[in-house]
Amino acid sequence: MVIRRPRTTPDTSGSDRSDRSDRSGGSGGLAGPRPDDTPPPTIADVAREAAVSKTTASDALRGHGRVSGATRDAVEAAALRIGYSPNRNARSLRTSVTETVALHIPEVLTSAEYYMSFVFGVTEQATRAGLNVTMISSGHLPHRGALPQVDGLVLCDPMAGDPVVEALMNSGLPVVTAERYVGDRESTGVVCSDHETTTVELLDHLRDMGAVRPALLASDSTAERAATVLDTYRRWCVRNGLPDTVHKAPFGSPPEVQRAEVARMLAGSPETDAVVCATDGAAVTVLPEIRAAGRTVGKDLLLASCIDSTTLRLSDPPITAIDLRPRDMGAECARLLCEILSGRSPRGTVRSFPITLNTRASTGLSRP
């Protein structure tokens, strides 16, 4: 799947085409006539709107040259205001690049809110830079080892052992990953969050709310974030002199599997007084099993998630969760990839991305 900015059909009449060629200066896009027959905006119009030179406007939108972050933001905002759309076909011929980046996320989770928000973030930022985005699925290896025809790659939560991830990491293309890749290859750039600190903050909050036997519903994913949450939970239990209770659901497992795992957890360890769900959406999914066990969330059992979502915020009760800000994370990954492609950020750049704990009613009531 390729995500492209919409483009209207250009007017091909001779005199109008010549006039627009003069206005474009070789950089603007022929987006077609507007309803009032005015020509489409050009890079010169963007420069005028942003009060910068045409060269600066072009560099800012293409991620080239030495352009400050404030200037780049101003130029991008100006381009959006006047409806400027770059002519990618002409640019590709001039620069011998595809003007396309590829995005890979785990195929089994393409319906999860976290990953869909991440996709929107990547797409929005890439669009502002004048790039197309194509999606690569984990279910299909590149045909006969063929590499995707793109300038660079963004990988979300890359898992060691995934054959598509390994093929992409070995493609020779620049790769920016959301969280570190724990396989044999190093990413060209990384955007990562401090999951250890926020997981400890969450567990400390449960302890402060009276929990003495917190359990973890984990995933068997090989991605760094999943492994960090599991390792942090176990170390926290050791430091606090508590036994750990870990139940794992296969990565991408359907809701009934997660519910069955929690049912086994509560039946086998009835002293459990808090449940932390490591995967997106699991906390809401397991609510029926918690209630079926005769437990009341927020009173005799605390419930929290390592991934926040709209569903958790609106559930009854609202569920405490760590906000990973996936849309902003996706945008930051796309921004870093553009900076590496343009030479404005060096290969090997690791960028920290802040995340926060949101406490809600599911963990907000102390028990006597």
side-chain contact (heavy atoms from CB on, under 4.5 Å) evaluation trace for Val165 with Leu155: CA-CA 8 Å; Val165 170; Leu155 276 59; 4.0 Å; yes
Step by step, would you call Val350 with Arg180 a side-chain contact (heavy atoms from CB on, under 4.5 Å)? CA-CA 9 Å; Val350 177; Arg180 297 178 189 273; 3.6 Å; yes
Output, in order, the C-alpha distance, side-chain angles, deciding distance and verdict of side-chain hydrogen bond (donor to acceptor under 3.5 Å, both in side chains) for Thr311 and Glu113. CA-CA 9 Å; Thr311 305; Glu113 181 177 330; 4.5 Å; no
List the steps, then state whether side-chain contact (heavy atoms from CB on, under 4.5 Å) holds for Tyr114 with Leu324. CA-CA 8 Å; Tyr114 172 82; Leu324 303 183; 3.7 Å; yes
Assess the residue pair Tyr115 and Cys156 against the criterion (side-chain contact (heavy atoms from CB on, under 4.5 Å)); give the C-alpha distance rounded to whole Å, side-chain angles, the decisive distance to 0.1 Å, and a yes or no. CA-CA 8 Å; Tyr115 290 101; Cys156 182; 3.6 Å; yes
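No side-chain donor-acceptor contact under 3.5 Å links His195 and Glu224. Using a 3.5 Å distance cut-off with no hydrogens or angles, the side chains of Thr228 and Arg225 do not pair a donor with an acceptor. Defined by atom type and a distance below 3.5 Å, a donor-acceptor pair is missing between the side-chain atoms of Thr100 and Gln149. Ser269 and Thr272 form no side-chain donor-acceptor contact under 3.5 Å, judged by distance and modelled atom types alone. Side-chain contact check for Ser187 and Thr177: at least one donor-acceptor pair (N or O, by modelled atom type) lies under 3.5 Å.
For Glu332, the salt bridge (Lys or Arg N to Asp or Glu O under 4.0 Å) test picks out Arg335, Arg351, with sequence neighbours left out. Listed by chain and number, the residues in a side-chain contact (heavy atoms from CB on, under 4.5 Å) with Ala304 are Leu202, Thr320, Thr363 (sequence neighbours excluded). Residues forming a salt bridge (Lys or Arg N to Asp or Glu O under 4.0 Å) with Asp220 (at least two apart in sequence, or on another chain): none. In this structure Asn240 satisfies the side-chain contact (heavy atoms from CB on, under 4.5 Å) test together with Arg207, Trp236, Leu242, sequence neighbours excluded. Every residue meeting the side-chain contact (heavy atoms from CB on, under 4.5 Å) condition with Ala293, not counting sequence neighbours, appears here in chain and number order: Leu266, Arg295. With sequence neighbours excluded, no residue forms a salt bridge (Lys or Arg N to Asp or Glu O under 4.0 Å) with Asp323. With sequence neighbours excluded, no residue forms a side chain to side chain donor-acceptor pair (under 3.5 Å) with Thr55. Applying the salt bridge (Lys or Arg N to Asp or Glu O under 4.0 Å) rule to Glu166 yields no partners; only residues at least two apart in sequence or on another chain are considered. With sequence neighbours left out, the side-chain contact (heavy atoms from CB on, under 4.5 Å) criterion links Ser221 to Met159, Ser219, Ala223, Ala226, Phe251.
Pairing each heavy atom of Leu216 with each of Ala278, the nearest pair is CD1-CB, 4.4 Å. Taking all atoms of both residues into account, the shortest heavy-atom contact from Ala102 to Ile136 is CB-CD1, 3.6 Å. Minimum interatomic distance between Val176 and Cys333 (heavy atoms only, all atoms of both residues): CG1-O, 3.7 Å. Nearest heavy atom pair, residue Leu337 against residue Gly152, reads CD2-C, 3.8 Å. Ala321 approaches Leu312 most closely through the heavy-atom pair CB-CD2, 3.7 Å. Summarising the geometry of Gln258 relative to Ala249, their closest heavy-atom pair is CG-CB, 4.3 Å, with the distance given to 0.1 Å.
Side-chain N or O atoms of Asp308 include none that pairs as donor or acceptor with a backbone N or O of Ile322 at under 3.5 Å. Here the side chain of Tyr233 pairs no donor or acceptor atom with the backbone of Leu203 at under 3.5 angstrom. In this structure a side-chain-to-backbone donor-acceptor pair under 3.5 Å is missing from Thr123 to Phe120. Under a 3.5 Å cut-off, the side chain of Thr349 and the backbone N or O of Ser345 do not form any donor-acceptor pair.
For residues 282-291, no residue pair satisfies the salt bridge (charged side-chain N to carboxylate O under 4.0 Å, His left out) rule, not counting sequence neighbours. Identified under the salt bridge (charged side-chain N to carboxylate O under 4.0 Å, His left out) test for residues 249-263, with sequence neighbours left out: Glu261-Arg264. Applying the salt bridge (charged side-chain N to carboxylate O under 4.0 Å, His left out) rule to pairs touching residues 234-250 yields Glu196-Arg235, sequence neighbours excluded.
Between Val175 and Leu168 the shortest side-chain heavy-atom distance does not fall below 4.5 Å. By the 4.5 Å heavy-atom criterion applied to side chains, Arg81 and Glu76 are not counted as neighbours. At least one side-chain heavy atom of Arg325 sits under 4.5 Å from a side-chain heavy atom of Pro354. Asn132 places none of its side-chain heavy atoms less than 4.5 Å from the side chain of Thr127. Side-chain atoms of Asp151 and Leu173, non-hydrogen and from C-beta on, never get closer than 4.5 Å to each other. Taking the side chain as every heavy atom from C-beta outward, Arg360 and Pro317 never approach each other to under 4.5 Å. In this structure, the side chains of Thr198 and Thr356 stay at 4.5 Å or more apart for every pair of heavy atoms.
With rounding to the nearest 0.5 angstrom, the OH atom of Tyr181 is 8.0 Å from the OG1 atom of Thr222. The line from CG of Asp328 to OG of Ser117 is 10.0 Å long, rounded to the nearest 0.5 Å. For the atom pair Leu80 CG and Glu49 CD, the distance stands at 11.0 Å (nearest 0.5 Å). Put simply, CG on Leu103 and CE on Met135 are 5.0 Å apart, with the number rounded to the nearest 0.5 Å. Rounded to the nearest 0.5 angstrom, Glu201 CD and Ile355 CD1 are separated by 9.5 Å. Rounded to the nearest 0.5 Å, atoms CG (Leu302) and OG1 (Thr359) are 12.0 Å apart.
If you run side-chain contact (heavy atoms from CB on, under 4.5 Å) between Tyr84 and each of Asp45, Val75, Leu61, only Leu61 comes through.
Under the 4.0 Å criterion applied to side-chain N and carboxylate O atoms, Asp73 and Arg128 are not assigned as salt-bridge partners. Remark: Glu271 engages Arg213 in a salt bridge, criterion side-chain N to carboxylate O under 4.0 Å.
A continuous path of hydrophobic side-chain contacts links Ile307 to Val246 [ILVMFWY only; heavy atoms under 4.5 Å]. Using a 4.5 Å cut-off between side-chain heavy atoms of Ile, Leu, Val, Met, Phe, Trp and Tyr, with links allowed through other members, Leu217 and Val257 fall into different hydrophobic clusters. There is no path of hydrophobic side-chain contacts, each under 4.5 Å, that joins Phe353 to Val190.
Other residues, nucleotides and ligands contribute at most 12 non-hydrogen atoms within 6.0 Å of the CD atom of Glu186.
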